[in-house]
Amino acid sequence: MALLQIAEPGQSSAPHEHRIAIGIDLGTTHSLVATVLSGKAKVLQDEQGRVLLPSIVHYAEQTATYGDAAKAYLTRDPKNTIVSIKRFMGRSQADIKFQHPYTLLGDENQMPAFETAQGRKTPVEISAEILKQLKNRAEASIKQPIQGAVITVPAYFDEAQRQATRDAAQLAGLDVLRLLNEPTAAAVAYGLDQDTQLATDHNYVIYDLGGGTFDVSILRFSQGVFEVLATGGHTALGGDDLDRLLVKWAKKQLSIQQLDDTEYAHFLVEARRAKEALSDADSVELALMDHRLNLDRTTFEAIIKVALDKTINVCKRVLRDAKLDLNDIQNVVLVGGSTRSYAVQKVVREVFQQEPLCTINPDEVVAIGASITANQLIGNQDDGSLLLDVTPLSLGLETMGGLVERLISRNTAIPVARRQEFTTYQDGQSAMLIHVVQGERDMVEHCRSLGRIVLSGIPPMVAGQARIEVTFQVDADGLLTVTARETTSGVHAQIDIKPAYGLSDTDTERLLLDGFFFAEEDKNLRHLSETKVEAQRELEALEQALKVDAQLLDTVQLDALDQAKDKLKAQLQTSDISAIENAVEQLKIHSDAFAALRMNQHIDHALKGTKLDDWSNSTN
Ligand code: ADP
Ligand code: MG
């Protein structure tokens with residue numbers, strides 16, 4: 001695939017002046033900021049020496065508190081203490097299925113607002129508060145104005161979630177240089193994009209196992225250019241699941257049938273402690289109320305195997321997407337707290353047959369990478385390397401019969417622009433509805449609708465003559481712009497796709513998986529739909545011809561034609577592809593005879609002095 005050169009903001013101006021840019025990991029549970037100082041990336045501390053800012057905001061009537069200070073209100077004033085705001089970004093109320101203590105305002109299909117002691121607060125505003133804290137911290141620590149920021153987002157974030165993140169940064173007064181996928185940032189932190197002397201392409205796997213989520217990406221470094229080949233993941237798979245598996249095991253060992261909520265919570269806390277301790281010890285003791293249980297590494301590995309196998313399956317699928325096998329992978333990078341576990345490291349080592357990279361603190365590695373990219377984009381380091389991300393889902397538009405025509409397939413490197421020509425279906429059609437969809441299925445109804453544009457003012461032409469050029473453009477942040485132009489007349493329409501709400505991670509995953517599971521069914525549906533569109537076209541052409549030249553047929557011929565038409569119309573109500581095809585064949589026997597009669601008449605007409613050109617223009 002051709003790689004596009006990205007013109008980055010700031011890259012061309014004032015080459016000798018040192019400019020300050022920061023990288024922010026805006027996380028679900030905690031956020032942090034890093035910057036490059038004297039050529040070295042480092043995370044920035046607050047005045048109390050803390051690096052991680054819990055992503056929590058508490059609203060009182062007059063004041064707001066953030067981070068650790070806000071934590072204290074979690075139990076005292078949960079309704080006004082907003083946690084995990086990242087899970088609300090770019091989502092509609094209908095998307096928000098998880099439990100939370102908040103009162104949400106607004107209608108089902110919009111990103112909701114929170115009702116707080118300070119009134120209405122949107123997820124964008126609340127995220128902006130967290131970003132502002134980090135910006136203030138950076139300014140206090142660097143003592144220079146911040147000129148740009150790179151903010152990381154999960155690889156699975158869709159258009160709406162990215163847009164919401166960008167809006168939050170703008171609201172916080174940050175100049176966003178780029179939104180960067182979290183796993184991509186991790187690879188940058190390890191300098192995997194710095195070795196410009198490589199003679200051959202290098203491929204890297206980024207394995208990110210956090211508390212609740214799993215993400216994997218494959219990056220390729222080639223001739224000084226860094227490209228993300230493929231991404232995948234699991235939205236409900238992480239350290240929390242390992243804890244639950246441990247509790248299940250403990251219950252079985254102790255023959256406990258039922259735990260009440262408090263007991264279960266206690267077991268979970270102890271399981272987590274034991275799990276983390278096992279990262280440094282060969283065996284640990286679990287203290288579960290009045291029971292004691294010994295857990296060694298071999299047993300632990302067997303208990304969590306089912307969860308780790310799932311991560312490996314995702315890795316294999318992503319490798320297939322990238323059309324690579326294990327031998328093609330030069331390095332594996334570990335990200336996320338759960339990769340501190342020796343068991344995770346062991347599985348990764350065995351599967352990929354190499355020692356994974358895990359020397360940078362897995363909590364900080366994403367912010368570190370973001371700061372390095374920020375420093376590069378602001379123009380302090382011109383080593384010629386570029387970062388390219390990919391589209392997580394295919395983008396396309398609706399064509400006749402509810403089919404999807406894909407313009408940009410999933411895992412295409414961005415920024416990217418693709419153009420395709422379409423035409424009108426009916427004579428004199430003066431407007432065309434362009435319906436933009438996202439997903440892997442063949443039928444529009446199974447994909448996600450992103451938006452619609454109407455291209456109107458198309459001058460009247462016969463069907464098939466208009467030339468409508470549709471361009472899909474995805475910028476470096478993954479935001480989509482769709483433009484449509486009728487080229488013979490120059491009529492033009494455009495939308496930026498900024499949907500009011502986005503896909504949830506689970507929706508993205510469902511749309512992806514559906515694409516795999518329903519491939520065969522989709523092929524049949526597509527075939528049926530295409531057959532129907534074709535038959536419909538045949539019928540309509542015939543109607544048009546009859547309007548003009550019906551007098552060429554005698555009543556017997558007309559009857560036969562009508563009967564064949566009715567048969568086909570009846571079959572079109574069914575889903576029987578071969579019956580429809582048969583009916584079309586039957587109709588064609590009669591309509592071909594009719595067409596021959598018409599042609600003879602026209603040729604007679606032409607010979608009487610009309611140019612053949614006029615004839616072909618009026619009937620094609
Ligand atoms: P997230 O990004 O999803 O908020 P993190 O990347 O901070 O999560 O990872 C949190 C997870 O890491 C928790 O499940 C925690 O138990 C696990 N974890 C933290 N330290 C260790 C350790 N030393 N060994 C094993 N697991 C650990
Ligand atoms: Mg994380």
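Here the structure is a predicted model, which means the values were calculated and not measured. Atoms within a ligand are numbered from 1 in the order they appear, just like the ligands themselves.
- Sparse packing is recorded around CD of Q257, with 12 or fewer heavy atoms of other residues, nucleotides or ligands lying under 6.0 Å away.
- Interface atoms of ligand 1 facing S279, defined by a heavy-atom separation under 4.0 Å, are 22 (C), 23 (N), 24 (N), 25 (C).
- Taking the six-membered ring for Trp, F88 and F114 have ring centres closer than 6.0 Å.
- Which parts of ligand 1 touch R272 is read off a 4.0 Å heavy-atom cut-off, strictly below it: atoms 13 (C), 15 (C), 16 (O).
- In the vicinity of G337, heavy-atom distances shorter than 4.0 Å reach the ligand 1 atoms 5 (P), 6 (O), 9 (O), 12 (O), 17 (C), 18 (N), 19 (C), 20 (N), 21 (C), 26 (N), 27 (C).
- A search for ring-ring contact (aromatic ring centres under 6.0 Å, His included) contacts involving F214 returns Y207, not counting sequence neighbours.
- Atom NZ of K71 is surrounded by 12 or fewer heavy atoms from other residues, nucleotides or ligands within 6.0 Å.
- Numbered from 1 in the order shown, with element, the atoms of ligand 1 that lie under 4.0 Å from a heavy atom of S341 read 24 (N), 25 (C).
- Remark: N331 pairs with L192, Y204, Q354, L357 by the side chain to side chain contact (heavy atoms under 4.5 Å, CB included) rule, at least two apart or across chains.
- Residue D243 has no N or O atom closer than 3.5 Å to an N or O atom of ligand 1.
- Remark: L237 CG to T213 OG1 distance equals 9.0 Å, nearest 0.5 Å.
- Under 4.0 Å from ligand 1, heavy atoms of E276 appear from its side chain as well as its backbone.
- For atom 20 (N) of ligand 1, the nearest non-hydrogen atom from the set R340, K86, R273 belongs to R340.
- Atoms of ligand 1 found under 4.0 Å from any heavy atom of T29 (numbered from 1 in listed order, with element): 4 (O).
- Atoms of ligand 1 lying under 4.0 Å from any heavy atom of H30, numbered from 1 in the order shown and given with element: 7 (O).
- Those atoms of ligand 1 with a heavy atom of G336 less than 4.0 angstrom away are 6 (O).
- For the pair G210 and ligand 1, the shortest N or O to N or O distance does not fall below 3.5 Å.
- Look at G238 and you'll find every heavy atom at least 4.0 Å from all atoms of ligand 1.
- With rounding to the nearest 0.5 Å, the separation of CD in E276 from CZ in R340 is 8.0 Å.
- Residue K275 approaches ligand 1 through these ligand atoms, each under 4.0 Å from one of its heavy atoms: 14 (O), 15 (C), 16 (O), 17 (C), 26 (N).
- Where the criterion is an N or O separation shorter than 3.5 Å, residue side chain and backbone included, T213 fails it with respect to ligand 1.
- Side chains of E129 and Y66: a donor-acceptor N/O pair is present below 3.5 angstrom, by distance only.
- Atom NZ in K316 sits 9.0 Å away from atom CZ in R320 (nearest 0.5 Å).
- Residue contacts with ligand 1 include D363, since one or more of its heavy atoms lies under 4.0 Å from the ligand.
- Proximity of a side-chain donor or acceptor of T116 to a complementary backbone N or O of N80 within less than 3.5 Å is not detected.
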